[in-house]
2 protein chains.
Amino acid sequence: MERPTIEELNLLHASVCQALGDPKRLSILYALDERPRNVSQLAADLDLPQPTASRHLQILRERHLVVPVRDGAAVIYHLAEPRVIAILDTMREILRDSLARQSGLVRIDRSPVRHESATSGMEPL
Amino acid sequence: MERPTIEELNLLHASVCQALGDPKRLSILYALDERPRNVSQLAADLDLPQPTASRHLQILRERHLVVPVRDGAAVIYHLAEPRVIAILDTMREILRDSLARQSGLVRIDRSPVRHESATSGMEPL
DNA sequence: ACCATGTATCCGGCTATCCGAATACATGGC
DNA sequence: GCCATGTATTCGGATAGCCGGATACATGGT
């Protein structure tokens, strides 16, 4: 029942964010938001090898982002937190805005922008 | 000017989440939310070596989470998006709830819980 | 041009993450 | 018990991440 220190909270927080930092896991979360699924269905729907789906689900499970429910021999995974999807949606909106601003035509600022652009590209994406 | 495919968006999205998946970078974002700072100040305030701070800022810059503004020889970093802090705060609340639920005494469910608990611990944190 | 301050990058090493393939484990039906 | 189905884990290798220390680069002042 110990209250977590700021650093511990930061660590937990980072570990959750890191779990969200993989495209396949994002797909899994969005898929489970549509409807809960067992591992094989999920793997088939997202075109992933079953062990890969299972490993990703393990990570999401550890971070308490999904919840497993046994159903006979199968395990149906549910989203643990609807709010997480809301968060992800907000991030996508921010991303969209950012892309729009970036890809052009927009110049809201009043300053001519010196040459910082060279260091702020999003190339590796 | 191409509209991003779902997969590309997912990739961008994941890369942003991944940038949030490090405790030091979270600290940096929260610090910059308090007030914009240059690299050295930030490094001093968070007790990080200057190169470390700079590298983390580079990552946050690439993902458009912070914005650099030159001020003489210094570079003052600003948060690019207040909404990101709102998102992080929401995640912390979710985390808090999750910890509360976990650390006990709570049993809201009506089902006796079989033995799934063995596979859903958050040990490595 | 030179110096002081502030920032970014390079280097080497370590750790963590991701993957495919194979394999082990669990559950329910017979 | 055995089998079929569904799930989790292990192994090995490749990739990517994080770090400290040293160093290069940039800017403004003299």
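Chain letters run A, B, ... following the sequence lines, proteins first, then strands; residues in each count from 1.
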Side-chain donor or acceptor of B:Arg70 under 3.5 Å from a matching atom on the base of D:dG28?
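A donor-acceptor contact between them is absent.
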For [N], take OP1 and OP2 only and decide whether either is under 4.0 Å from a side-chain N or O of [X].
X	N	result
A:Tyr77	D:dG6	no
B:Arg61	C:dA8	yes
B:Gln50	C:dG6	no
B:Gln58	C:dA8	no
B:His56	D:dC19	yes
A:Arg25	C:dC18	yes
A:Thr52	C:dG20	yes

Is it true that A:Asp47 and A:Lys24 have a side-chain N and a carboxylate O under 4.0 angstrom from each other?
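Judged by the 4.0 Å cut-off on N to carboxylate O distance, A:Asp47 and A:Lys24 do not form a salt bridge.
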Any carboxylate oxygen within less than 4.0 angstrom of a Lys/Arg side-chain nitrogen, looking at A:Asp45 and A:Arg35?
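Looking at A:Arg35 together with A:Asp45, the answer is yes, because their closest N to O distance falls below 4.0 Å.
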Atom [atom1] of [X] and atom [atom2] of [N]: how far apart are they, to the nearest Å?
X	N	atom1	atom2	answer
B:Gln41	C:dG6	CD	C1'	11 Å
B:Asp71	D:dA26	CG	C1'	14 Å
A:Glu62	C:dA16	CD	C1'	13 Å
A:Leu57	C:dC18	CG	P	13 Å
B:Leu46	D:dC19	CG	C1'	16 Å
A:Asp22	D:dA16	CG	C1'	12 Å
B:Arg63	D:dA16	CZ	C1'	11 Å
B:Ile59	C:dA8	CD1	C1'	13 Å

Search all heavy atoms of [X] against all heavy atoms of [Y] and return the closest pair with its distance.
X	Y	result
B:Gln50	B:Ala43	CA-CB, 4.0 Å
A:Val39	A:Ser54	CG1-N, 4.2 Å
A:Ala14	B:Leu26	N-CD1, 3.6 Å

For A:Val39 and B:Gly21, find the nucleotide of DNA chain D closest to each by heavy atoms; which residue's nucleotide sits nearer the 5' end?
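Its nearest nucleotide being more 5', the pick is A:Val39.
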Need to verify one output field. Residue with the more 5' nearest nucleotide on DNA chain D, A:Ile76 or A:Arg55?
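Nearest nucleotide further toward 5': that of A:Ile76.
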Residue pair B:Asn10 / A:Arg92, side-chain donor-acceptor N/O under 3.5 Å:
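Yes, a side-chain donor-acceptor pair sits under 3.5 Å.
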Check: B:Asn38 and B:Tyr77 side chains under 4.5 Å, non-hydrogen atoms:
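Side-chain contact under 4.5 Å: no.
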Taking the side chain of [X] as heavy atoms from C-beta outward, which of [options] is closest to it?
X	options	answer
B:Ser54	C:dT9, D:dT7, C:dC19	C:dT9
A:Ser40	D:dT7, D:dC18, C:dG20	D:dT7
A:Pro49	D:dG20, C:dG20, C:dG6	C:dG20
A:Lys24	C:dC19, C:dA8, D:dC18	C:dC19

Base-pair string, DNA chain C, Watson-Crick plus G-U, cut-off 3.5 Å on both distances, | for inter-strand, is ||||||||||||||||||||||||||||||
Determine the sole option in B:Val84, B:Leu79, B:Asp89, B:Leu88 for which the side chain to side chain contact (heavy atoms under 4.5 Å, CB included) test with B:Asp33 is passed.
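The residue from B:Val84, B:Leu79, B:Asp89, B:Leu88 that satisfies side chain to side chain contact (heavy atoms under 4.5 Å, CB included) with B:Asp33 turns out to be B:Leu79.
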